[in-house]
Amino acid sequence: MLDLRRIREEPDLIREAVRAKHVDVSVERILALDQEVRKAAFEIDQLRAEKNKLSGMLAKSRGQAADAPQMRERVRGINAAIKQIEDELKPPKEELHDLLLWLPNVPHVSVPVGGGPGENVVDRTWGEKPEFSFDPAPHWDLGSALSLLDQERAAKLAGSNFSLYSGHGALLVRGLINFMLDLHTREHGYTEYWPPFLATRQAMVGTGQLPKLEDDMYVCVSPELFLIPTGEVPLTNIFRGEILRSDQLPLRLVAFTSCFRREAGAYGKDTRGLNRVHQFGKVELVRIAEPERSYDELESLLADAEEVLQLLELPYRVLSLCTGDLSFAAAKCYDLEVWAAGQERWLEVSSCSNFEDFQARRTGIRYRPSSGVKPCFLHTINGSGLALPRVIAALLENNQTAEGTVAIPEALRPYLGGRAFLTGTT
RNA sequence: GGAGAGGUGGCCGAGCUGGUUGAAGGCGCUCGCCUGCUAAGCGAGUGUGGGGGUUAUACCUCACCGAGGGUUCGAAUCCCUCCCUCUCCGCCA
């Protein structure tokens, strides 16, 4: 949600953002509706003022004044006039509200201009791609060979593009979750949460998944609840409607959640193995910070996510997303992509974004800069730290050995019963 | 699922036999006084959002007491629907 006053004051900037993000919303229409609604609201306010005055006079005389009947009649007339304006006002008001929810966030000035994924900028690369004396296999072959993954049987349970881990594969999932949560809570100062994995429509609108991405969501019909597509939804909504104390900022929240995405339209494209699944585990990092600090917080959160990859000894690169690839709610975003040697591709494992006050406006998360001052909207920052399936894909592919086993990076071994290799025997 | 209680300002908590109550009181916070320092004490101030107005203040005005409807000249207060919390009973992983 953008500030209506900002839309009035810098409509060109908003128009530019709408174009850059490939959204079809008319800023002209918004401005016209805004004017119409304000004009009518002003009339209603004036009618109410007169009504209140008359009511006050009736109250003072306990309704015994000589002209009480005429006053009552006058108020009845005012009520009818108000009702009429309100009825006329309803459709434009709803349309305005709806259009505002469809208006994307404005990219930060530091975001590279570009039309789409092809114009994202590689900021830097970390680590060396592994070299092999043999032809490295993709993770789906390794997963089957070592009995870690069973794609075929997963389909029996929930259809295509679900995953079923077994044996040491399941242990690997559990170990990675604990490894990541321990790192972020012990070393990076995050408070751990275990939230619901379903969310209300209001919560989903709050973080910006709705209304735009409704087709990508799984929904329970009665009562209506959405399966969360990311832990960002529950974590950010925890403080919905609250005025936070500035001495508790910035907040750092972390949670493991399952994430559910229909990935409508993605069939047949990059969907083999763990590359794109409907349900996956993710450790999510969220920060809620004062506006002037939010870009520092973004860099710091990005470093927290990067450290996971460094400890796992996985080569990765950091991308600055260009304006055309920026998501609906983001003002700036870095993607972390990990190298997967068996597929010879980079796989996205984290998006770290600053939403500025976009989500905070939708959810009503504010703070008081100092006592006696009006509350201000906070900034929200979040990123994966990390999403599991592609990390697992990279671990298997990059660490495979000539013997057909998979080496476990040092940092992860304590979480896998001290094992140095996955061998396929449990 | 059944029965009962309740949802009020940053927090706690009155009001709920309808009328100048945006809301007593307390806590917290801000400013001032007092005091070797601190604490205590004393005084004043302190909800949110919108509109109008001003160079900017001042000022004027509307809405908001879980959400949405209704009754009424007038609703935090009465009626209806829904949501949520708590207690007891039942059921259940």
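What you see is a predicted model, and the numbers here were worked out from it, not measured in a lab. Residue numbers begin at 1 in each chain, while the letters A, B, ... track the order of the sequences.
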Between [atom2] on [N] and [atom1] on [X], what's the gap in Å once rounded to a whole number?
X: A:E73; N: B:rG74; atom1: CD; atom2: P; answer: 12 Å
X: A:R8; N: B:rG51; atom1: CZ; atom2: C1'; answer: 9 Å
X: A:I82; N: B:rU61; atom1: CD1; atom2: C1'; answer: 13 Å
X: A:R72; N: B:rU71; atom1: CZ; atom2: P; answer: 17 Å
X: A:L96; N: B:rG50; atom1: CG; atom2: P; answer: 14 Å
X: A:Q248; N: B:rG28; atom1: CD; atom2: C1'; answer: 14 Å
X: A:Q46; N: B:rG51; atom1: CD; atom2: C1'; answer: 10 Å
X: A:E86; N: B:rC62; atom1: CD; atom2: P; answer: 15 Å

Roughly how many Å apart are [M] and [N], using the [atom1] atom of each and rounding to a whole number?
N: B:rC27; M: B:rG41; atom1: P; result: 8 Å
N: B:rG18; M: B:rA23; atom1: C1'; result: 15 Å
N: B:rC42; M: B:rU20; atom1: C1'; result: 32 Å
N: B:rU54; M: B:rC59; atom1: C1'; result: 9 Å
N: B:rC62; M: B:rG45; atom1: P; result: 23 Å
N: B:rU17; M: B:rC12; atom1: P; result: 24 Å
N: B:rU38; M: B:rC29; atom1: P; result: 15 Å
N: B:rC64; M: B:rU85; atom1: P; result: 26 Å

Only pairs with both distances under 3.5 Å count, Watson-Crick or wobble alike; so what is the partner of [N] in this structure?
N: B:rC78; value: B:rG70
N: B:rG43; value: B:rC31
N: B:rG25; value: B:rC12
N: B:rC59; value: B:rG52
N: B:rU20; value: none
N: B:rA5; value: B:rU85
N: B:rC65; value: none

Touch class at under 4.0 angstrom, heavy-atom based, for [X] against every strand present:
X: A:A49; answer: sugar-phosphate
X: A:R361; answer: nothing
X: A:P69; answer: nothing

Under a 3.5 Å cutoff, is there a donor and acceptor pairing between the side chains of [X] and [Y]?
X: A:Q359; Y: A:E232; answer: yes
X: A:Q46; Y: A:E50; answer: no
X: A:R261; Y: A:T230; answer: no

Does a side-chain N or O from [X] land closer than 4.0 Å to OP1 or OP2 of [N], or not?
X: A:R48; N: B:rG74; value: no
X: A:R5; N: B:rG50; value: yes
X: A:R368; N: B:rU48; value: yes
X: A:R366; N: B:rG49; value: yes
X: A:K51; N: B:rC73; value: no
X: A:K374; N: B:rG49; value: yes
X: A:N52; N: B:rC62; value: yes

Looking only at heavy atoms, what is the nearest atom pair of A:P234 and A:G231, with distance?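 Closest pair (atom of A:P234, atom of A:G231, distance): CD-O, 3.2 Å.
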Might you point out which heavy atoms bring A:N382 and A:L301 nearest each other, and give the distance in Å?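 For A:N382 versus A:L301, the nearest heavy atoms are C-CD2, 3.9 Å.
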Could you walk me through whether A:F256 and A:W194 satisfy the side chain to side chain contact (heavy atoms under 4.5 Å, CB included) test, starting with their C-alpha distance in whole Å, then the side-chain angles of each, then the deciding distance to 0.1 Å, before giving a yes or no? CA-CA 7 Å; A:F256 168 79; A:W194 192 278; 3.7 Å; yes
Sub-6.0 Å ring centroid separation between A:F358 and A:F328: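 Yes - the distance between ring centres of A:F358 and A:F328 falls below the 6.0 Å cut-off.
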Using ring centroids (six-membered ring only for Trp), state whether A:Y295 and A:H379 fall under 6.0 Å.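 A:H379 vs A:Y295: aromatic centres not under 6.0 Å.
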Take A:F179 and A:L311, measure what side chain to side chain contact (heavy atoms under 4.5 Å, CB included) needs, and give me the verdict at the end. CA-CA 10 Å; A:F179 162 69; A:L311 289 170; 3.7 Å; yes
Which atoms of nucleotides 52-59 of chain B (N or O only) lie under 3.5 Å from a protein N or O atom, and what are those distances?
none

Name all residues meeting the side-chain hydrogen bond (donor to acceptor under 3.5 Å, both in side chains) criterion together with A:S351; count only those two or more places apart in sequence or in a different chain, and write none if there are none.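 Applying side-chain hydrogen bond (donor to acceptor under 3.5 Å, both in side chains) to A:S351 gives A:D335, A:E348.
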Residue pair A:Y334, A:E299: steps toward the side-chain hydrogen bond (donor to acceptor under 3.5 Å, both in side chains) verdict: CA-CA 9 Å; A:Y334 295 108; A:E299 297 299 324; 2.5 Å; yes
Extract from the structure each pairing of a protein N or O with an N or O of nucleotides 65-70 of chain B at less than 3.5 Å, listing the distance.
none

Chi angles and distances behind the side chain to side chain contact (heavy atoms under 4.5 Å, CB included) call for A:L227, A:M217: CA-CA 7 Å; A:L227 277 72; A:M217 304 302 151; over 6 Å; no
Starting at the 5' end of RNA chain B and moving along, which residue's nearest nucleotide shows up first, A:K53 or A:D45?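 Residue closer to the 5' terminus by nearest nucleotide: A:D45.
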Heavy-atom nearest nucleotide on RNA chain B for A:D3 versus A:V75: which residue maps closer to 5'?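 Here A:D3 is the residue nearer the 5' end.
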CZ/A:R153: more than 12 non-hydrogen atoms of other groups inside 6.0 Å: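 12 or below, so no.
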